[in-house]
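Report on the following structure.
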Amino acid sequence: MEHKDVKIYFSSELLSWYRLIKRDLPWRMNRDPYRVWVSEIMLQQTRVDTVIPYYNTFMSKFPTVQALAEAPESEVLKCWEGLGYYSRARNLQAGAKEVVERYGGIVPDDKASVAGLKGVGPYTTGAIMSIAFNRPEPAVDGNVMRVLSRYFCLEEDIAKPATRVRIEKLAASLIPEGAAGDFNQALMELGALVCTPKSPSCLPCPVMEHCAARLDGRESELPIKTKAKPPRPELRAAAIVLGSGVNAGKVLVRQRPDTGLLAQMWELPHLLLPADKADWLDEKAPKEQGELAELIGRMLEEDTGLLIRPRRWFMDADHVFSHIHWKMRFYLADLGDESGAYAPAAEETVGIAAEAEAIYSVNAAAASEYKAGEMPSVYRWIDKEDMEKLPFPNLFLRILKEFWE
DNA sequence: AAGTCGGGGGT
DNA sequence: ACCCCAGACTT
């Protein structure tokens with residue numbers, strides 16, 4: 001069969017298949033460009049099943065572009081809590097404000113305008129233009145690169161940006177007349193349900209007959225993708241500081257800086273330790289816990305002006321981001337008097353070693369993720385009800401929930 | 001081109 | 001454990 005016919009076969013069979021079996025998803029209720037836009041932002045690097053409940057909550061809380069544009073940012077972030085990549089939420093709201101101010105609250109049927117919105121890159125531009133407006137623009141995500149790599153037996157590394165650009169041109173050439181939205185969704189639906197990353201199920205595939213990778217018996221070898229570097233480990237000491245007096249029953253939390261990792265989210269106060277102190281978090285070296293506890297206490301005292309006394313170990317927790325692996329140790333602390341001290345087991349050594357002092361001064365200067373002069377000054381005492389209002393990343397949410405149970 | 005940005009589910 | 005996910009942005 002001619003190459004041209006292999007392409008026509010692919011497009012036509014895939015489109016028919018999609019129109020028969022497509023899933024009934026909340027954002028497919030209609031083609032409201034705002035609904036499409038929100039769904040595509042949420043779906044960036046996030047699975048459909050994860051997004052669905054967030055999407056429903058988000059749309060009921062912010063049903064229109066105007067509603068989103070006018071909402072307090074903390075409410076938007078709270079709706080995004082646990083979904084990850086929080087800059088998506090802030091960029092989405094910035095985009096909503098731009099649509100209100102520049103386009104009268106109507107998402108423009110114009111590629112350049114859509115592409116100019118914050119958080120909207122090449123994929124999302126194509127998705128919005130094709131799904132909401134049925135414009136013949138490609139929408140190439142991980143699914144599409146995988147499906148097309150296999151069907152056409154492409155051996156380019158899909159981790160390279162240049163590959164996506166090339167596949168975009170191929171994808172554009174496959175769009176059937178007048179069916180851009182359905183076809184682009186069909187490609188992704190196939191990648192999500194049939195042509196999956198591992199062990200693709202070729203038998204039910206609507207285009208298996210002319211799939212080059214399958215005909216070569218290489219469907220499980222494609223696509224080719226260089227693997228990512230493993231996340232670097234970071235050791236962190238954290239504290240759950242219990243309030244007293246008017247703050248009895250409350251815990252000290254702080255808001256992160258407005259840029260960078262977990263920007264503007266709330267967290268329990270913590271401190272980065274040098275990488276060569278891995279044994280400090282080794283449970284086989286409990287004698288070091290006194291030093292670690294004193295360290296986090298002193299950092300918090302300096303930062304808050306409060307007299308903070310770590311009392312005992314609470315729990316250890318690991319959390320893995322894409323590029324960092326946090327190994328955390330949490331201490332319970334309170335606002336003790338000068339006589340208060342960390343209460344170690346009998347065999348533990350209490351006191352602050354010279355080494356610990358050195359680490360502390362490094363951290364206070366610049367060694368944590370906070371640059372000098374950017375230490376978070378926003379501390380707050382919260383109870384369980386306050387926790388429901390402020391946005392926390394999941395790692396701290398889990399600790400707080402465990403603490404209050 | 002490489003690094004920065006979350007978190008969870010599948011295998 | 002490792003992989004990937006309806007990617008975008010910064011350097």
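Keep in mind that the numbers below use all heavy atoms, side chains included, and drop hydrogens, waters and symmetry copies. In what follows, every chain begins at residue 1, and chains take the letters A, B, ... in the order their sequences are listed. As the structure is a prediction and not an experimental result, all values here were calculated from the model.
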(message) Quiz question: by atom type and distance under 3.5 Å, do the side chains of A:E137 and A:T125 form a donor-acceptor pair?
(response) no
(message) Give the dot-bracket line for DNA chain B from 5' end to 3' end: parentheses for intra-strand Watson-Crick or G-U pairs under 3.5 Å, square brackets for crossings, | for inter-strand pairing, dots for unpaired.
(response) |||||.|||||
(message) If I pick the C1' atom on B:dC5 and the same atom on C:dC5, what distance separates them, to the nearest angstrom?
(response) 15 Å
(request) Could you pull out all residues at least two apart from A:D32 that satisfy salt bridge (Lys or Arg N to Asp or Glu O under 4.0 Å)? (result) none
(request) Find the distance A:M265:CE to B:dG7:C1' and express it as a whole number of Å. (result) 11 Å
(message) Whether A:R398 contacts B:dG8 is assessed here as follows: a side-chain N or O lying under 4.0 Å from the phosphate OP1 or OP2. Is that the case?
(response) yes
(message) For A:S199, is there any backbone N or O sitting under 3.5 Å from a side-chain donor or acceptor partner on A:S220?
(response) no
Contact list (N/O, under 3.5 angstrom) for nucleotides 2-4 of chain B vs protein:
{"residue": "B:dG3", "atom": "OP1", "partner": "A:K229", "partner atom": "NZ", "Å": "3.3"}

(message) For a quick test of reading the model: is some side-chain N or O of A:N394 closer than 4.0 Å to OP1 or OP2 of B:dG7?
(response) no
(request) Look only at the side chain of A:R256 and the backbone of A:L261, and say whether a donor-acceptor pair between them is shorter than 3.5 Å. (result) yes
(message) Can you confirm whether A:H270 sits close enough to A:F330 that some side-chain heavy atom of one is under 4.5 Å from a side-chain heavy atom of the other?
(response) no
(request) Can you figure out which of B:dG6, B:dA1, C:dG7 approaches the side chain of A:A162 most closely? (result) B:dA1
(message) Strictly distance-based, threshold 3.5 Å: is any side-chain N or O of A:N134 a donor or acceptor partner for the main-chain N or O of A:A180?
(response) yes
(request) Check each residue of residues 71-81 of chain A for a non-hydrogen atom within less than 4.0 Å of any atom in DNA chain B, then write out the ones that pass by number, or none. (result) none
(message) If I take atom CZ in residue A:R90 and atom P in nucleotide C:dG7, what distance separates them, rounded to the nearest angstrom?
(response) 20 Å
(message) Quick check: do A:L148 and A:L174 have side-chain heavy atoms less than 4.5 Å from each other?
(response) yes
(request) Could you list by number each residue of residues 13-34 of chain A showing a heavy-atom separation from DNA chain B of less than 4.0 Å, or answer none if no residue does? (result) none
(message) Judged by each residue's nearest nucleotide on DNA chain C, which is more toward the 5′ side, A:I158 or A:R164?
(response) A:I158
(message) Quick one about A:E40 and A:Y123 (side-chain donor to acceptor, distance below 3.5 Å, no hydrogens or angles considered), yes or no?
(response) yes
(message) In whole Å, I'd like the distance from the CD atom of A:E267 to the P atom of B:dG7.
(response) 12 Å
(message) Without decimals, in angstroms, what is the distance between A:K198 NZ and C:dC2 C1'?
(response) 6 Å
(message) Short of 4.0 Å, heavy atom to strand atom, which residues of residues 42-62 of chain A count as contacting DNA chain C?
(response) A:L43, A:Q44, A:Q45, A:R47, A:V48
(request) Kindly write out the residues that satisfy side-chain contact (heavy atoms from CB on, under 4.5 Å) with A:R28, not counting sequence neighbours, or none if the list is empty. (result) A:Y18, A:K22, A:R23, A:L25, A:Q185, A:E189
(request) Could you tell me the separation between the NZ atom of A:K225 and the P atom of C:dG7, rounded to a whole number of Å? (result) 10 Å
(message) I need the NZ-P distance between A:K227 and C:dC2, as an integer number of Å.
(response) 8 Å
(message) Any side-chain to backbone donor/acceptor pair from A:Y331 onto A:R309? Under 3.5 Å, distance only.
(response) no
(message) Taking only the C1' atom of each, what is the distance from C:dC4 to B:dG6 in whole angstrom?
(response) 13 Å
(request) Not counting sequence neighbours, which residues clear salt bridge (Lys or Arg N to Asp or Glu O under 4.0 Å) with A:R88? List them please. (result) none
(message) Taking side chain to side chain donor-acceptor pair (under 3.5 Å) as the definition, give me every residue that meets it alongside A:T57, ordered by chain and number, with sequence neighbours left out.
(response) none
(request) Would you check if the side chain of A:K78 reaches a backbone N or O of A:L390 as a donor-acceptor pair within less than 3.5 Å? (result) yes
(message) Nearest heavy atom decides the nucleotide; on that basis, is A:T196 or A:F321 closer to the 5' end of DNA chain B?
(response) A:F321
(request) For B:dG10 and C:dA6, measure between their P atoms and round to the nearest Å. (result) 12 Å
List every contact pair, protein side and nucleotides 9-11 of chain C side both N or O, where the distance is under 3.5 Å.
{"residue": "C:dC9", "atom": "OP1", "partner": "A:G119", "partner atom": "N", "Å": "2.6"}

(request) Report yes if the side chains of A:V99 and A:I106 come closer than 4.5 Å at any heavy-atom pair, otherwise no. (result) no
(message) Can you tell me how the ring of A:Y151 sits relative to the ring of A:F10, calling it parallel under 30°, perpendicular over 60° and tilted otherwise?
(response) tilted
(request) Spell out, as yes or no, whether a donor-acceptor pair under 3.5 Å connects the side chain of A:R146 to the backbone of A:G191. (result) yes
(request) Please check the phosphate of B:dG7 (OP1 and OP2 only) for any side-chain N or O of A:H319 closer than 4.0 Å. (result) yes
(message) Within the structure provided, determine whether A:R398 and A:H319 are in side-chain contact (heavy-atom separation under 4.5 Å).
(response) yes
(message) Can you list everything that forms a salt bridge (Lys or Arg N to Asp or Glu O under 4.0 Å) with A:R164? Sequence neighbours excluded, please.
(response) A:E168
(request) Under the salt bridge (Lys or Arg N to Asp or Glu O under 4.0 Å) rule, collect the residues that match up with A:R19, sequence neighbours excluded. (result) A:D182
